[in-house]
Amino acid sequence: MIQRFDYVCAESPGDALKETNGTFLAGGTDIVPLMKCEVKHIERLVNINEIRELRQFTLDEEEVFIGAMVTLTELCTHEAIAELYPALSFAARCVASPQIRNAGTIGGNIMQDRRCFYFNQSAVWRSSIETCYKTGGSICHQAPASSVCRAIYYSDVATALYALDAQVVLYDANGLSTAPIAQVIEKHSRINGTFENEHMLITGFRLPNTGKGRSLFIKESIRDAIDFPIFNAAIAIVGDNIRLAAGAISGTPVELTDTEAFITQNRHQLSGMENELKELVMKEIMEKAVLIREGTISVQVKKKAMHSILALIEQFSRGGYGNLLI
Amino acid sequence: MNDFNVVGTSVHRHEALLKALGTAEYTDDIVLSNMAYGLIIRSPHSHARVISIDTGEAKTVEGFLGVLTFDDVPKKHFNCSGNPPSALLIPDETILTNHPLCLGDRIAAVAALTLEACEMAARKIKIEYEVLPAVFKIPDALKENAPVVQPDISENNIIKTIIFKEGDTEDGFEKADFIFEDSFTTGATQHVALELTSCLCDCRRDGKIVIWSPSQTIYQERRILAELLDMKESDIRIIKPAMGGGFGARQQLHNQHIGCLLSRLVKRPIKIVNTREEDMYASVTRHESFCHIKIGILKNGTIRAAEIKNYINAGPYTTHSLLVSAAAGRKFQYTAPDYLYEGNSVYTNAPTAGAFRGYGNIQLVFGREVLLDRIARKLQLDPMEFKLKNHVAAGQHFPSADYPILSCEIWACVTEANKIKAEIDLKAPLLNNEYLSEAWGSAVCCHSSGASNKEGMSSAVIMVNDDGTITLSIGSADIGQGSETVMSQIAAEALGLTYRDVAVIAADTAATPYDTGTFASGQTFICGNAVTIACRDVIQKVIAGLENFYEAETGEVAFSNDFFVIDSPNTKTSLSLKQAANLLATGMKGRVLIGSGSYKALGSPPPFAVCYAKIRHDKRTNSIQLRDIIEIVDVGTAINPESVKGQIEGGIVQGIGYVMTENMEQDKRSRKMPTSDLLHYKVPLTVDLPDIHVGIVESYEPTGPFGAKSVGELTIVPVAPAIVNAIERATGEHISSIPISNKFMPKGHRRLSPEGGLL
Amino acid sequence: MKNITIKININNTDYTFAAPENLTLLELIREHAGLKGTKKGCDNGPCGACTVILDGKTVNSCCILAVSANGKSVKTIEYLSQDGGIHPIQQAFVEKHAIQCGFCTPGMIMSSKALLDRTPHPDDGEIKEALSGNICRCTGYQKIIDAVRTAADNSCRSS
């Protein structure tokens with residue numbers, strides 16, 4: 001059973017933010033199992049499900065706003081989202097299982113905990129090893145020489161949002177603000193690798209209206225449901241720019257800026273430069289990946305699985321979204 | 001071939017309706033008055049010594065009822081295996097221990113009014129451990145200076161070596177033209193029966209105990225408990241309620257001993273339900289194996305000699321291990337004049353291994369079928385022709401086994417499988433391009449299910465009701481495979497009844513007759529024979545009753561074609577069982593009609609299977625996607641064909657998990673197993689599956705009930721080698737270790753990229 | 001330890017429970033409402049045995065806090081036969097041999113129900129997708145998929 005905690009149901013963002021000691025409860029699919037394992041020790045749980053503002057979902061010609069409490073099912077079955085942001089729609093559809101997508105929210109998915117098989121364990125299991133950075137100690141069992149937690153961040157949705165250049169609308173100690181997704185996740189990830197309490201309430205995500213269907217997402221996982229990714233990647237055209245992001249290979253998704261620059265520079269002469277592009281993208285991914293030991297597969301398998309990004313780029317160009325290669 | 005009325009029809013499971021409604025009662029659904037909860041405190045270390053236990057603070061928890069530690073429980077050593085008594089079942093574990101030998105070993109137990117209070121009390125029990133050196137892998141355990149796991153039993157961690165031989169392999173290899181050999185390893189896996197291991201134990205004030213628990217072997221568990229608790233067997237009643245899967249995991253005592261002792265201590269019924277984590281590493285696993293196989297071949301493609309040196313990882317307690325290593329040795333289904341099998345069981349500090357569908361055979365068949373396929377490729381032979389040429393036929397026996405094979409239709413299985421394969425090839429020829437490479441692989445296997453083949457015993461009692469319906473009482477446990485339905489069909493067939501005329505009472509030591517235990521659908525053979533004997537007894541009883549009723553002479557009443565035919569000078573008539581029962585139910589000549597039968601198996605006739613797998617290798621990502629799996633079986637008469645197909649399909653999917661993704665891993669840094677839940681441990685899901693094609697060929701086993709053999713264990717066995725052979729053929733690589741996920745990425749069938757197709 | 005008042009509609013009946021905040025919806029359904037058809041198989045999400053329909057959508061009741069189901073409506077396996085009959089999906093599971101040990105069955109049937117409520121004529125891919133969060137260790141899924149297909153066909157014929 002879950003350890004006892006104080007519970008409060010917030011009705012407005014203000015209510016929620018008053019709870020400086022609180023941890024927010026969205027869909028619960030990530031946090032409830034963590035509470036059962038006592039990875040998250042929660043003193044005060046603040047239910048944000050009743051805050052209406054967080055469920056807003058608006059579209060106009062300029063941009064789309066997706067409230068943090070929109071569920072992953074709502075997101076991936078939304079026709080306009082599927083048309084405008086195939087990468088986001090498909091990423092949401094690739095998360096876990098129907099049950100988890102029905103309860104899980106986009107905000108919760110972004111704020112999910114990083115994972116590592118040394119701490120995603122019961123308290124009893126962990127009792128035989130030293131506490132790590134994530135559980136309040138000062139070691140990372142994955143890399144004892146590391147000064148930080150090496151756990152991987154596995155969100156599928158985040159990778160798509162990186163590629164789509166999403167902005168996050170959030171409340172924190174400084175009030176309401178908007179920040180790029182990468183900045184928000186970087187901060188979340190840093191704090192999430194420690195025992196510190198995070199105090200930030202995402203109200204939603206703003207996406208520039210990039211026009212129809214100019215993005216794609218790919219996910220490789222050991223099983224095709226339930227599992228977190230071995231690797232995921234997303235590609236999009238935002239304004240004049242190609243954006244390319246990869247996930248499940250480090251503590252945050254990574255934007256493949258070198259490859260983006262190469263594609264942008266050689267936009268009209270890519271035909272014939274396929275091999276150069278392939279080499280570059282794989283080189284950049286390998287450089288930016290901070291891999292750890294994961295269950296079931298070896299690091300070699302994972303590295304090879306990352307090559308699926310090549311299929312993503314090819315398919316994107318074949319689909320005529322970006323006239324990338326031909 | 002045979003004209004049956006009920007046998008051979010796919011009647012619906014008799015308990016399926018209640019399961020569909022959600023009202024079937026599993027152990028955790030049962031609530032007794034005054035019931036409290038129990039929880040086992042387990043070692044987080046793979047090897048340690050308990051320095052001290054302080055339970056003082058636990059007693060302050062509201063709702064706390066009692067606590068047991070090593071000092072409070074019997075210290076007798078026992079073996080938890082649900083096999084009948086045997087010298088191979090070395091007693092080497094205790095109910096609780098202060099010297100845990102594996103992760104999850106039982107250290108203490110608490111009882112409290114609620115589960116939450118149990119957990120709070122458990123948290124307040126302070127246990128101080130001294131961590132000791134541990135060894136996890138077979139090669140490490142065999143090293144000269146390896147930590148010795150059970151010094152009282154083995155100085156070198158080998159529990160026992162079992163040898164089977166026929167002919168002289170040294171001579172055989174000398175005569176062989178080619179010799180092929182390799183070493184193969186298979187991983188430890190978990191049953192993942194979906195119902196968590198649970199028990200409800202009620203130690204009553206008259207000293208008797210009633211236990212509800214998922215159990216495959218209720219009589220053996222009763223015997224072990226009686227010895228442990230110093231009680232009479234008649235004072236212990238074990239009832240198996242609806243059961244959420246077994247696969248071998250419940251072919252042993254699990255937490256019932258602690259449940260009984262806690263119940264005795266706090267004088268309330270105690271319910272213990274494992275967490276999934278406990279089920280993962282603190283129940284039992286499949287034996288990890290390391291196996292060296294050497295095969296000598298003549299130029300004409302005949303197997304001359306085979307030598308197998310097998311090691312299985314038992315964990316720290318013997319349980320089934322010696323039987324598992326023995327079971328593997330006598331299922332080499334090819335005629336090798338010279339044959340040598342050496343089976344070694346090895347102690348380690350890995351989680352304890354036990355019985356699991358395929359019982360030793362599955363590990364060995366993997367290496368054997370992969371090596372034979374390599375031989376076929378090397379000698380440019382068709383793998384199936386090569387194997388069938390060397391296959392044992394009806395009338396012959398397996399090397400080193402004395403029991404002759406009386407039915408074997410493996411040739412028919414291959415024909416049927418080839419037909420399906422040809423249809424698939426026509427629709428989707430094998431792809432081979434820059435990125436993708438497809439190939440088929442194949443394997444054959446057999447299996448015999450039963451308590452070491454010759455120890456299977458079962459019995460049945462049939463009570464004929466006034467209206468001619470019957471109540472069939474059997475000790476055999478339906479663990480989800482459908483044995484109760486199959487037994488009803490056998491009884492109905494034998495007595496000329498419909499399936500709905502048979503009510504079953506099963507698996508209750510106080511109400512049903514003895515059965516050695518449920519060893520997969522081997523029940524069809526063993527218990528099925530007992531049921532047919534009981535039916536014959538009923539028929540004799542009815543004949544005697546009718547002779548008496550009609551004042552006929554012996555021989556004037558006979559049972560033929562479902563009817564009792566009376567042909568006496570006074571009476572010429574024929575009666576169904578219903579009419580006869582009606583007649584004999586009351587009145588001056590009435591009598592109670594009860595039949596019984598018991599059966600002692602002389603062997604366990606092996607069923608056979610042929611499996612083909614088609615896979616797609618993506619060179620870019622080094623991924624393997626399963627495209628098609630075909631499995632065709634010879635199981636003798638299929639009593640319930642749809643149930644048999646369900647067993648094949650289920651076996652295939654468990655087999656897929658075994659070869660692709662399932663692995664109980666050992667982590668060096670934490671010195672234990674991180675595979676603690678169903679996210680870490682990956683059981684196949686709907687979206688991971690290839691197209692699955694199954695079939696049953698006509699066959700008749702002369703010693704089986706209406707010609708039936710077994711099916712459940714068989715079906716999982718050939719899947720891994722068929723898939724690996726396909727991968728070897730597609731990639732050109734040798735794969736000698738499963739699961740393959742440390743080498744290849746398993747790829748499922750996730751649908752719908754934004755394009756509507758697969759990426 | 002204080003309790004929280006939870007008003008919840010289960011299978012069309014309104015209940016008010018005083019329950020601790022750390023209770024899951026699964027525990028509420030099984031232990032407080034006494035409905036034992038919903039099963040616990042893993043207690044952290046991946047197995048799907050505890051699947052119920054919460055406000056029209058399937059969820060893993062082991063991962064939902066009972067307090068966050070306050071004011072909502074839950075349907076469990078018992079709902080499908082509470083008029084004394086048997087639901088066409090349940091019938092199809094029985095007839096198509098889709099049940100072996102039966103422990104995954106209630107969750108499977110609730111996932112199937114949610115699918116057929118929104119997609120009355122699913123293709124096999126949609127069925128597999130809808131059942132992808134439910135583990136069955138016995139059947140190999142083939143007969144379960146067949147049962148859902150049959151239930152869809154039957155309800156199509158009867159309507």
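Everything quoted here is computed from the prediction, not taken from an experiment. Naming: A, B, ... by sequence-line order, numbering from 1 per chain.
The choice from C:Val59, C:Leu54, C:Asp55 that makes the most heavy-atom pairs within less than 4.5 Å of chain A is C:Val59. In terms of non-hydrogen atom pairs under 4.5 Å with chain A, the most contact-rich of C:Ala114, C:Cys62, C:Gly48 is C:Cys62. Most heavy-atom pairs under 4.5 Å with chain A, from the set C:Ser111, C:Gly71, C:Pro20: that is C:Pro20. Chain C forms more heavy-atom pairs under 4.5 Å with one residue of A:Ala225, A:Cys37, A:Pro98, A:Cys9 than with any other, namely A:Pro98.
The CG atom of C:Asn44 sits 10.0 Å away from atom CG of A:Asn120, with the distance rounded to the nearest 0.5 Å. Atom CG of A:Leu45 and atom CG of C:Asn22 lie 11.0 Å apart (nearest 0.5 Å).
If you measure heavy-atom distances from A:Thr73 to chain C, the contacts under 4.5 Å come from the side chain alone. Of the two parts of C:Ile4, only the side chain, counted from C-beta on, holds a non-hydrogen atom closer than 4.5 Å to a non-hydrogen atom of chain A. If you measure heavy-atom distances from C:Ser68 to chain A, the contacts under 4.5 Å come from both the backbone and the side chain. Proximity to chain C (any heavy atom under 4.5 Å) is shown, for A:Ile31, by neither the backbone nor the side chain. For A:Leu34, no part lies under 4.5 angstrom from a heavy atom of chain C. The contact between C:Asp43 and chain A is made by backbone and side chain atoms together, counting heavy-atom distances below 4.5 Å.
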*Please step through side-chain contact (heavy atoms from CB on, under 4.5 Å) for the pair A:Val32 and C:Ile64, ending with a clear verdict.*
CA-CA 7 Å; A:Val32 171; C:Ile64 304 277; over 6 Å; no
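Between A:Arg223 and C:Ser132 the shortest side-chain heavy-atom distance does not fall below 4.5 Å. Contact annotation: the side chain of A:Ile2 never approaches that of C:Glu21 to less than 4.5 Å [non-hydrogen atoms, C-beta and beyond]. In this structure, C:Leu65 and A:Asn47 have side chains that are not in contact, with every pair of non-hydrogen atoms separated by 4.5 Å or more. The side-chain heavy atoms of C:Leu23 and A:Met1, taken from C-beta on, include a pair separated by under 4.5 Å.
Other residues, nucleotides and ligands place more than 12 heavy atoms under 6.0 Å from the CD atom of A:Glu198. The number of heavy-atom neighbours closer than 6.0 Å to NZ of C:Lys113, taken from other residues, nucleotides and ligands shown, is above 12.
For the pair C:Lys72 and A:Glu50, the salt-bridge criterion is not met [side-chain N within less than 4.0 Å of a carboxylate O].
In the model, C:Thr58 has no side-chain atom that pairs as donor or acceptor with a side-chain atom of A:Gln99 under 3.5 Å.
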